[in-house]
Amino acid sequence: MRVAVGGDHGGGRVKEEIIVLLQQKGIAYQDFGAFSPEAVDYPDFALKVAEAVRSGEYDRGILCCGTGIGVAIAANKVPGIRAALCHDTFSARAAREHNNANILTLGERVIGPGLAKEIVETWLKAEFQGGRHARRVEKITRIEEKYCAGRSKGPETEEWVGRHKGPEAQSQEGTT
Ligand code: RB5
């Protein structure tokens, strides 16, 4: 798995903690900045990470800012990106299992580094469950197509779609 990591000055310290965690776990990553504590604009870094994930070069992305909100909003403007702001492990697992979130966002000013690292570990381990969730995620893609059609050419080859969709329908029906 290859992970793209980034964030603004508000998330710099937690980004560093996450990088150490990825190193300890032997997970390949690329740091897309910011590289100093100077004030910068979070959409610039959200865009870099979102485009790295969209391109298929990275499987997942992790974005950090003060609240996790700005980077989530910005990243979700990129078609094919499903960025989830998670400040608890239950949401982190569900973001993968139900929503197939390909970017996790965190707010350094909201949670401490210990919880942030547990959230990252949970999110990295969890897998998309497909089934009824695949149908719903597919509907999110249809919304993107409705508003973005013709505006940007992406790498939606069959292989790319397969990797970003997760396992095919496991014919689970339910309401959770
Ligand atoms: C920067 O002060 C702060 O606004 C930013 O890190 C983030 O919280 C935005 O959503």
Side-chain angles (χ1 to χ4, degrees), residues 1-25 27-126 128 136-137 139-141 143-144 146-148 151-152 154 164:
M1 182 192 301
R2 288 162 304 178
V3 182
V5 184
D8 72 355
H9 55 290
R13 277 174 303 182
V14 77
K15 177 169 71 89
E16 289 311 313
E17 299 263 2
I18 290 164
I19 285 172
V20 171
L21 178 73
L22 295 174
Q23 287 168 344
Q24 285 167 349
K25 295 202 158 295
I27 296 172
Y29 71 92
Q30 174 75 40
D31 184 359
F32 285 84
F35 299 107
S36 90
E38 265 171 54
V40 289
D41 299 333
Y42 59 83
D44 298 337
F45 299 91
L47 181 62
K48 282 179 206 276
V49 168
E51 287 187 334
V53 173
R54 176 175 166 78
S55 75
E57 204 177 327
Y58 294 85
D59 305 293
R60 309 261 194 102
I62 299 174
L63 280 163
C64 309
C65 67
T67 59
I69 297 169
V71 286
I73 293 172
N76 276 319
K77 299 295 179 195
V78 175
I81 294 304
R82 292 175 299 278
L85 168 59
C86 300
H87 284 155
D88 65 273
T89 54
F90 179 85
S91 302
R93 187 174 302 105
R96 286 290 311 140
E97 292 182 349
H98 291 205
N99 313 115
N100 201 9
N102 48 16
I103 292 186
L104 169 70
T105 79
L106 294 162
E108 177 179 306
R109 297 173 187 163
V110 184
I111 55 167
L115 178 55
K117 284 191 280 187
E118 275 195 37
I119 289 167
V120 168
E121 287 197 67
T122 302
W123 184 74
L124 288 175
K125 262 192 258 156
F128 184 46
R136 294 160 185 168
V137 171
K139 288 188 177 184
I140 296 174
T141 306
I143 295 171
E144 282 179 349
K146 181 175 175 186
Y147 288 97
C148 303
R151 288 203 204 150
S152 101
H164 285 72

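One-based numbering, in listed order, for ligands and for the atoms of each.
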Minimal heavy-atom distance between R54 and I81, with the atoms involved, is N-CD1, 4.0 Å
Just jot down the side-chain contact (heavy atoms from CB on, under 4.5 Å) partners of E17, sequence neighbours excluded, or say none. P113, K117
Got an N/O contact under 3.5 Å between C65 and ligand 1? no
Hey, which atoms in ligand 1 end up nearer than 4.0 Å to a heavy atom of H9? 1 (C), 2 (O)
List every atom of ligand 1 that sits less than 4.0 Å from any heavy atom of G66, numbering the atoms from 1 in the order shown and giving each element.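 Selected atoms, number and element: 5 (C), 6 (O), 7 (C), 8 (O).
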Pairwise distance [atom1]([X]) to [atom2]([Y]) - rounded to 0.5 angstrom:
{"X": "D31", "Y": "I62", "atom1": "CG", "atom2": "CD1", "answer": "11.0 Å"}
{"X": "I18", "Y": "L104", "atom1": "CD1", "atom2": "CG", "answer": "7.0 Å"}
{"X": "H98", "Y": "F128", "atom1": "NE2", "atom2": "CZ", "answer": "9.5 Å"}

Measuring from the heavy atoms of E108, does anything fall under 4.0 Å of ligand 1?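 Flag not set, E108 not near ligand 1.
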How far is [atom] from the closest protein heavy atom, and which atom is that?
{"atom": "atom 6 (O) of ligand 1", "answer": "D8 OD2, 2.6 Å"}
{"atom": "atom 10 (O) of ligand 1", "answer": "G70 N, 2.9 Å"}
{"atom": "atom 2 (O) of ligand 1", "answer": "R109 NH1, 3.2 Å"}
{"atom": "atom 9 (C) of ligand 1", "answer": "Y42 CE2, 3.5 Å"}
{"atom": "atom 8 (O) of ligand 1", "answer": "T67 N, 3.0 Å"}

Does G80 offer a backbone N or O that forms a donor-acceptor pair with the side chain of N102 under 3.5 Å?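 Yes; judged by distance alone, with no hydrogens or angles, the pair exists.
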Spell out, as yes or no, whether a donor-acceptor pair under 3.5 Å connects the side chain of D41 to the backbone of D44.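 Absent.
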